[in-house]
S.K.: 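Okay, handing you the structure first.
We name chains A, B, ... by the order of the sequence lines, and we start the count at 1 in each one. Every heavy atom of this structure was used, including side-chain atoms; hydrogens, water molecules and symmetry mates were not.
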Amino acid sequence: MPELPEVETTRRGVAPLVSGLQVQRVIVHESRLRLPVPTTLPAILTGQRLEDVQRRAKYLLFRFEAGTLIVHLGMSGSLRVVDAAQPRLPHDYVEIDFGPRRVLRLRDPRRFGLMIWTTGDPAGHELLATLGPEPFDAGFSAAYLHERAAGRRGAVKNFIMDAHVVVGVGNIYAAESLFRARIHPVRASGRVSQARYAALVTHIRAVLTEAIEAGGTTLRDFLRNDGEPGYFRHNLAVYGRAGLPCVQCGQALRVQVIGQRSSFFCARCQR
DNA sequence: CAAAGGTCCTGCTCGC
DNA sequence: TGCGAGCAGGACCTTT
């Protein structure tokens, strides 16, 4: 589920509902996520006031006075703020209770997500310290990509999906932005001109912006924070459209596994 | 049975 | 030959 737009949508949905409130109770129903949820979490959080919710890459940062709760939704995670009377759903693994009508629940069927506690500057945490720039940072530029890609022969799609190069470009938005920039996903990243990287930067930003404004692309199990099903199919030009006609040229779109991920593209438009 | 939106780790290969 | 960067593949886990 969560690519960057979904994570940002989650942040915007959750933050106003719980920011400024004090944690009443924490229940960890299942701690075996990608990293273990600390069993001390209830003792750490109870009584603390949530200052705000920030985002770095696909990590959500719940900032308390004493430290930061780092949350990642993996491939299937979601957060909702529900009434305490709402029954737990299957795979609702952690509950942070900010009051009877303000229970934050982490659901994560595949358990690829994480929820950990850190003190000090979260940017220095090992999970965050080596991440590349945010797509909307000035440091993410054509010159930056061109320089980072010099000499690299791997597929440009893998390159832009590498969080140490730039964060927040997952499989869907990699496909969409490469299509708009007319760059073939298998092209060696070191053999993309700076001018074409300029186009790619523009399109990555545009695609992410559109998706965030649309409330996030949702393909499967994203739930909106009010608990309503949030199914929303963003207008995707290539992702999931193998065999269907290219919106530009009409030729059938192709799918190919690149870096173990299904990659959709137009073999005529993208070079 | 394959595949699903993410990330980390290991071990191999290539080029200097 | 040795080294490091880059890269591919596997692992994590459950559901459809």
S.K.: Atom CZ of Arg182(A) and atom CD of Gln270(A): how far apart are they, to the nearest 0.5 Å?
M.R.: 8.5 Å
S.K.: Which whole-number value in Å describes the distance from Arg110(A) CZ to dG6(B) C1'?
M.R.: 8 Å
S.K.: Once you round it to whole Å, what is the distance between C1' of dA4(B) and CZ of Phe264(A)?
M.R.: 11 Å
S.K.: How many Å lie between CZ on Arg152(A) and P on dA8(C), as a whole number?
M.R.: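 Result: 10 Å.
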S.K.: Give the dot-bracket string for DNA chain B, reading 5' to 3', where a pair is Watson-Crick or G-U wobble with both distances under 3.5 Å, ( ) marks pairs inside the strand, [ ] marks pairs crossing earlier ones, | marks a partner on another strand, and . marks unpaired.
M.R.: .|||.|||||||||||
S.K.: Would you please name every residue forming a salt bridge (charged side-chain N to carboxylate O under 4.0 Å, His left out) with Glu95(A), sequence neighbours left out?
M.R.: Arg105(A)
S.K.: Can you pull out every ring-ring contact (aromatic ring centres under 6.0 Å, His included) where at least one residue sits in residues 82-116 of chain A? Sequence neighbours excluded, please.
M.R.: His91(A)-Tyr93(A)
S.K.: Can you tell me whether the side chain of Arg111(A) and the base of dC13(C) have a donor-acceptor pair closer than 3.5 Å?
M.R.: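 For Arg111(A), whose side chain was compared with the base of dC13(C), there is no donor-acceptor pair (under 3.5 Å).
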S.K.: Give a yes/no on whether any side-chain N or O of Asn158(A) is located under 4.0 angstrom from OP1 or OP2 of dA8(C).
M.R.: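 For dA8(C), OP1/OP2 do have a side-chain N/O of Asn158(A) under 4.0 Å.
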S.K.: Given atom OH of Tyr239(A) and atom C1' of dG6(B), what is their separation to the nearest angstrom?
M.R.: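 These atoms are roughly 12 Å apart.
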S.K.: Side-chain donor-acceptor pairs under 3.5 Å in residues 19-27 of chain A, sequence neighbours left out?
M.R.:
unit_1: Ser19(A); atom_1: OG; unit_2: Ala15(A); atom_2: O; d: 2.7
unit_1: Gln22(A); atom_1: NE2; unit_2: Gly47(A); atom_2: O; d: 2.7
unit_1: Gln24(A); atom_1: NE2; unit_2: Gln22(A); atom_2: O; d: 3.0

S.K.: Return yes when atom CZ of Arg101(A) has more than 12 non-hydrogen atoms of other residues, nucleotides or ligands closer than 6.0 Å, and no otherwise.
M.R.: no
S.K.: Please state how far atom CG in Asp108(A) lies from atom C1' in dC13(C), giving the value in whole angstrom units.
M.R.: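 In whole Å, dC13(C) C1' and Asp108(A) CG are 9 Å from each other.
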S.K.: Could you tell me the separation between the OH atom of Tyr93(A) and the P atom of dT15(C), rounded to a whole number of Å?
M.R.: 7 Å
S.K.: Kindly compute the distance separating CG (Asp92(A)) from CD (Gln86(A)), expressed to the nearest 0.5 Å.
M.R.: 10.5 Å
S.K.: Do the side-chain N or O atoms of His91(A) get closer than 4.0 angstrom to the phosphate oxygens (OP1, OP2) of dC13(C)?
M.R.: no
S.K.: Looking at dG6(B), does its base get a donor-acceptor pair with the side chain of Glu3(A) below 3.5 Å?
M.R.: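 Check fails, no donor-acceptor contact within cut-off.
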S.K.: Nearest-Å distance, CZ (Arg187(A)) to C1' (dC7(C))?
M.R.: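 Taking CZ of Arg187(A) and C1' of dC7(C), I get 19 Å after rounding.
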S.K.: Tell me which nucleotide among dG6(B), dA4(B), dT15(C) gets nearest to the side chain of Phe112(A).
M.R.: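 So the nucleotide nearest the side chain must be dG6(B).
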S.K.: Just wondering, more than 12 heavy atoms not from Glu147(A) lying within 6.0 Å of its CD?
M.R.: no
S.K.: Are Phe136(A) and Leu200(A) connected, step by step, through hydrophobic side chains (Ile, Leu, Val, Met, Phe, Trp, Tyr) whose heavy atoms are closer than 4.5 Å?
M.R.: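 Yes, Phe136(A) connects to Leu200(A) through the hydrophobic network.
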S.K.: Starting at the 5' end of nucleotides 7-16 of chain B, put B wherever the base has a protein heavy atom under 4.0 Å, S where only the sugar-phosphate does, and a dash everywhere else.
M.R.: BS-----SS-
S.K.: Rounded to the nearest angstrom, tell me the gap between atom NZ in Lys157(A) and atom P in dG6(B).
M.R.: 9 Å
S.K.: Does any pair with a residue in residues 115-127 of chain A pass side-chain hydrogen bond (donor to acceptor under 3.5 Å, both in side chains), and if so which ones, sequence neighbours excluded?
M.R.: none
S.K.: Are Ser262(A) and dA4(B) close enough that a side-chain N or O sits under 4.0 Å from OP1 or OP2?
M.R.: yes
S.K.: What I'd like to find out is whether the side chain of Leu106(A) reaches to under 4.5 Å of the side chain of Leu104(A), using heavy atoms alone.
M.R.: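 A side-chain contact under 4.5 Å is absent here.
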S.K.: Select one nucleotide: of dA3(B), dG9(C), dA8(C), the one nearest the side-chain heavy atoms of Gln260(A).
M.R.: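 Nucleotide nearest to Gln260(A)'s side chain: dG9(C).
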